[in-house]
Structures are given as C-alpha cells and as structure tokens.
There are 2 protein chains.
Amino acid sequence: MKQAVQKRTLETRARLVAAAKGLVAAQGYVALRVEDVVAKAGVAKGTFFAHFPDKDALMDLLIGAEIDRHLDAIADLPAPRDVDEFVTVLMPLLRFMTCERYVFDVILRHSGAALAEEIGPIATTFVRQAEVVAAWLDQGPFRRDVTPDLLAEGVQAFATQAMALHFCALHNAVPLDQRLRPYLSAWLQPGI
Amino acid sequence: MKQAVQKRTLETRARLVAAAKGLVAAQGYVALRVEDVVAKAGVAKGTFFAHFPDKDALMDLLIGAEIDRHLDAIADLPAPRDVDEFVTVLMPLLRFMTCERYVFDVILRHSGAALAEEIGPIATTFVRQAEVVAAWLDQGPFRRDVTPDLLAEGVQAFATQAMALHFCALHNAVPLDQRLRPYLSAWLQPGI
DNA sequence: CCTTGTAATTGACCGTGGTCATTAATTGCT
DNA sequence: AGCAATTAATGACCACGGTCAATTACAAGG
C-alpha cells in the first residue's frame with residue numbers, strides 16, 4: 001500500500017531549502033541556525049528533521065549545489081594546456097570551498113581527507129611527521145608513470161592539502177593558487 | 001603582582017586528563033562527554049573550561065599525544081628503502097588515525113585537508129570533479145623533480161586521501177595500505 | 001594571624017541540534 | 001461521502017557543549 005509522495009511534502013521541503021538559501025546569502029553558512037530556517041519557512045522544528053536527517057545533510061545539499069554550479073562552468077571549457085591554466089580554471093571552485101572555514105570543514109567531513117593547521121599538539125605532530133618523512137626521502141631511491149584516474153585523485157589530494165594549509169595561521173600569507181601550483185607541477189609534470 | 005601557577009591547578013588538570021584517558025580507553029573517543037570527565041575527575045563543569053578552551057582542545061591533546069607515541073616508535077627506525085617498506089612503517093600511525101571516524105575528523109579539523117565519502121551531493125560533485133579532471137589529464141602534456149619538503153607534504157596529502165577514502169562506503173573494501181601504495185609509488189617514483 | 005588581591009572553582013543557566021509521542025492532513029477504497 | 005490506513009507536521013522535551021557572576025582557596029605583606 002505504498003502511497004505517492006504528497007505535493008505538500010515537496011512544497012514544505014522547497015520552502016525549507018529556500019529559507020536556508022536566503023539565510024545563507026544574508027549571513028553566511030556558519031551562522032545558519034535550524035530554528036531560523038524553520039521560522040522563516042513557517043514550519044515547526046520537528047518538520048525540518050522529517051525532511052533532513054540532520055543539519056549537516058542540509059549543508060551537504062546547499063554546498064553541494066554550489067560546487068555543482070562551479071563544475072558546470074568548468075566542464076565545457078577546453079582542456080587546460082599547462083599547470084598554470086589548470087590552476088586558473090580550478091580557482092573559482094577552490095575559492096568557494098574556502099570561502100568559510102566552516103564550509104571547508106563541512107566539505108572535508110562529507111568527502112574524506114586533510115592536512116596542517118593552527119599550532120596545537122596534533123599540528124605539531126604533523127610538523128614532526130613531515131620532518132621524519134623528509135629525512136627519509138632525502139636519502140631514498142625514488143620516482144615515473146600512472147593512470148588519469150590516479151592523477152585526478154592526486155589533484156584532489158593536493159587541492160585539499162593546499163586549502164587546508166590556507167587556513168593555517170602560519171601559512172595563509174601565501175595565496176591559494178601559489179600554494180597549489182608547485183604541488184601540481186610536481187605531480188603532473190615530474191622531472192621538468 | 002603575577003603569581004606562580006598553583007600546584008592545585010596542575011593537579012586538577014592532571015585529574016581531568018587522566019579521567020579523560022580512562023574514559024577513552026573504556027568507550028572510545030566519540031563517546032567522550034565533558035560531563036563524564038568532570039564527574040570522574042571530581043570537579044565542576046566550569047572547571048573543565050577553565051583548563052581547556054573547549055572539548056576539541058582536550059581531544060587535540062589526547063589524540064596528539066597518541067600520534068606522538070607512534071612517531072616516537074618510527075623516528076629512530078632506519079630510512080625505508082622502497083615504497084612498500086615506507087607504507088609498512090607508516091601503517092600503525094595511519095591505523096590509529098582511522099581507528100574511529102570521529103578521530104579522523106578531529107585530526108582533519110586540527111590539521112587542515114580532505115577528499116571522497118558517503119555518497120551525498122558533495123561526494124557526487126567530487127566524483128564529477130574527478131571525471132572532469134581525468135578527461136583533461138588524459139590529453140595534456142605532463143611530468144619530473146622536487147624538494148624533500150614538498151615530497152613530505154605530498155605524502156601527507158596522499159595519506160589523508162587514502163584515509164578519507166577508507167571511510168567511504170563505496171571504497172572501504174580495499175585495505176588502507178593497498179590504497180596508499182599506488183599513490184606513493186606514483187608520487188615518489190614517477191616513471192617506474 | 002589577619003588583610004587584601006589574585007587565581008581557581010563552582011553550578012545554575014543558556015543555545016542549539018536533535019527526538020518522539022501526539023495530532024492533523026491526505027489518500028485509497030467502497 | 002464516509003471510513004480506515006498512511007504520511008506529514010507539531011512542539012514540548014532532552015542532551016550536551018559552553019558561559020559567567022558569584023564564591024572559595026591561596027599567597028604575600030604587614
């Protein structure tokens with residue numbers, strides 16, 4: 001006896017999303033409160049959680065949509081001919097991803113990876129880890145070729161890395177693209 | 001009229017940390033509640049926040065300490081001679097970092113980077129992004145050599161990437177080390 | 001040993017995300 | 001239209017991190 005989804009349901013959901021978008025446009029993502037969303041949408045709090053498992057799911061939706069818009073703008077472009085072009089094309093997307101610390105955190109949480117920040121104990125351990133690793137690499141035999149998929153994953157890894165470092169107090173003097181370029185040069189064009 | 005730090009202060013802090021460690025050992029990191037910590041330490045809730053800016057700071061401390069222990073075990077070892085050894089040596093640390101999803105999130109937050117997960121809207125955009133990038137890379141002129149520091153940063157980026165993917169429902173069938181090896185091969189030994 | 005200034009502690013209180021038993025609206029069926 | 005079954009909406013309630021004005025413990029000077 002499965003019933004079709006009610007029109008009312010879609011309307012409510014649309015009102016919630018619209019309200020959320022309005023509030024985000026006005027005050028940014030961090031400041032978004034579920035209570036404000038339901039108030040603006042004119043529904044009860046419980047209703048929100050009947051439509052979204054939690055607040056993060058709404059954020060996922062909103063931010064995901066925005067990322068999609070950027071990808072739409074990128075997808076049709078001709079393939080970049082070098083790293084500089086590559087980075088340039090990617091920048092608008094990366095700038096959105098780093099428009100707010102909170103946004104980046106949400107993206108991390110809903111994606112899956114990370115690197116070096118403030119200067120708490122964990123950050124310190126990362127610095128140490130970097131030193132240890134660097135010492136190893138200084139004396140090992142290393143370096144040749146791979147698949148596009150693997151390369152693409154690598155680009156994501158380095159982009160994430162660059163963005164993460166961008167939020168680190170000690171490093172955010174360097175602009176994001178300047179941070180990313182050497183990574184991508186080394187990854188995409190080793191030995192040049 | 002600056003006064004020396006009181007012995008009482010150190011004791012209280014030590015009791016808080018000890019209580020927290022005990023609770024973590026018993027129930028893991030996610031389940032840790034500030035109220036439980038103060039109860040076990042025998043102090044009021046406010047006291048906790050006189051010693052730590054927030055709960056995350058405590059987590060930072062606990063997890064950072066654990067990471068340090070792993071680095072201690074690693075630092076004195078002879079430099080690994082190939083990627084396999086490299087990965088093997090790194091694994092205990094990475095396994096700790098991924099022992100709980102929550103732990104990995106805390107590390108991400110206190111470090112700074114990320115990649116591909118569950119399969120919400122954002123994850124979808126990451127897949128798309130990967131496709132777009134892959135298509136580009138398929139036809140561009142790429143590849144050669146760099147500094148140890150940059151290499152170390154790359155290792156961190158790929159490790160994070162691998163860990164992040166490890167939490168992704170679609171990918172966690174592959175063991176972490178198997179995921180990491182191709183990354184590091186490609187990054188450390190391009191063209192081989 | 002009191003006094004006085006500072007540091008440490010307390011716990012009632014708040015904000016905000018999330019739950020759930022109850023109530024209201026819809027739909028399908030006859 | 002009337003009835004039952006299902007789905008949507010409600011809002012009082014809870015959990016838990018975090019705050020802060022008030023209180024207590026401490027240390028130094030007289």
Side-chain angles (χ1 to χ4, degrees), chain A residues 1-20 23-24 26-63 100-103 105-106 109-110 118 120, chain B residues 1-20 23-24 26-63 100-103 105-106 109-110 118 120:
Chain A
M1 274 210 186
K2 174 111 75 48
Q3 298 194 0
V5 55
Q6 302 180 4
K7 191 173 50 170
R8 181 177 52 147
T9 306
L10 297 177
E11 288 169 356
T12 303
R13 189 184 164 94
R15 278 219 312 284
L16 283 168
V17 172
L23 288 169
V24 165
Q27 350 162 316
Y29 290 89
V30 229
L32 194 69
R33 303 278 161 261
V34 171
E35 302 206 346
D36 295 344
V37 173
V38 295
K40 186 162 181 179
V43 299
K45 200 172 181 178
T47 302
F48 178 93
F49 293 96
H51 287 265
F52 301 96
D54 50 30
K55 184 184 167 182
D56 244 40
L58 173 63
M59 284 300 179
D60 195 355
L61 190 79
L62 297 178
I63 295 175
E100 287 180 38
R101 175 68 216 241
Y102 175 75
V103 168
D105 282 345
V106 171
R109 215 177 306 132
H110 285 256
E118 278 303 328
Chain B
M1 278 218 180
K2 173 111 74 53
Q3 299 194 358
V5 55
Q6 303 181 4
K7 191 174 48 168
R8 181 176 52 146
T9 306
L10 296 177
E11 288 168 356
T12 302
R13 190 186 164 94
R15 277 219 311 283
L16 284 168
V17 172
L23 289 169
V24 164
Q27 351 162 316
Y29 291 91
V30 229
L32 193 69
R33 302 280 161 258
V34 172
E35 302 204 347
D36 295 344
V37 174
V38 296
K40 186 162 182 179
V43 299
K45 201 171 181 179
T47 302
F48 179 93
F49 294 97
H51 287 264
F52 301 96
D54 51 30
K55 184 184 166 180
D56 245 40
L58 173 63
M59 285 299 178
D60 195 354
L61 190 78
L62 297 178
I63 295 174
E100 287 181 38
R101 175 65 215 243
Y102 174 74
V103 168
D105 283 346
V106 171
R109 214 178 307 133
H110 285 256
E118 278 302 331

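Quick note on labels: first sequence line is chain A, next is B, and so on, each numbered from 1.
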[Y] and [X], any side-chain heavy atoms less than 4.5 Å apart:
X: Val43(B); Y: Leu16(B); value: yes
X: Ile63(A); Y: Tyr29(A); value: yes
X: Phe52(B); Y: Arg13(B); value: yes

Nearest-Å distance, [atom1] ([X]) to [atom2] ([N])?
X: Asp60(B); N: dG17(D); atom1: CG; atom2: C1'; result: 17 Å
X: Phe52(B); N: dT19(D); atom1: CZ; atom2: P; result: 15 Å
X: Leu58(A); N: dG17(C); atom1: CG; atom2: P; result: 11 Å
X: Tyr29(A); N: dT16(C); atom1: OH; atom2: P; result: 20 Å
X: Arg15(B); N: dT9(C); atom1: CZ; atom2: C1'; result: 11 Å
X: Leu23(A); N: dT16(C); atom1: CG; atom2: P; result: 13 Å
X: Leu10(A); N: dT27(C); atom1: CG; atom2: C1'; result: 15 Å
X: Glu35(A); N: dT10(D); atom1: CD; atom2: P; result: 15 Å

Selection from [options] that lies nearest to any side-chain heavy atom of [X]:
X: His51(B); options: dT9(C), dT10(D), dG18(C); value: dT9(C)
X: Arg8(A); options: dG17(C), dT9(C), dA9(D); value: dA9(D)
X: Lys55(A); options: dG18(C), dT10(C), dC16(D); value: dG18(C)
X: Phe49(A); options: dT16(C), dT9(C), dG18(C); value: dG18(C)

Handout entry: Any donor-acceptor N/O pair under 3.5 Å between dG17(D) base and Lys45(B) side chain
Key =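 Yes.
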Exercise for the section: Select from Lys7(B) and Ala44(A) the residue whose nearest nucleotide in DNA chain D is closer to the 5' end of that strand. Expected result: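 The answer here is Ala44(A).
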Practice task
Please round to the nearest 0.5 Å and tell me the distance separating atom CG of Leu61(A) and atom CE of Met59(A).
Solution key: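 Output value for this atom pair is 11.0 Å.
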Exercise for the section: Output the distance between atom CZ (Arg33(A)) and atom NZ (Lys55(A)), rounded to the nearest 0.5 Å. Expected result: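 It is 5.0 Å, given to the nearest 0.5 Å.
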Exercise for the section: Would you indicate, yes or no, if dA9(D) has its OP1 or OP2 atom less than 4.0 angstrom from a side-chain nitrogen or oxygen of Thr12(A)? Expected result: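 Result: yes.
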Practice task
With heavy atoms under 4.0 Å as the rule, sort Leu32(A) into base, sugar-phosphate or nothing.
Solution key: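 It contacts sugar-phosphate atoms only.
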Exercise for the section: Remember a base hit wins even if backbone is also touched, and classify Thr47(B) as base, sugar-phosphate or nothing at under 4.0 Å, heavy atoms. Expected result: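 Counting heavy atoms under 4.0 Å across all strands, the contact made by Thr47(B) includes a base.
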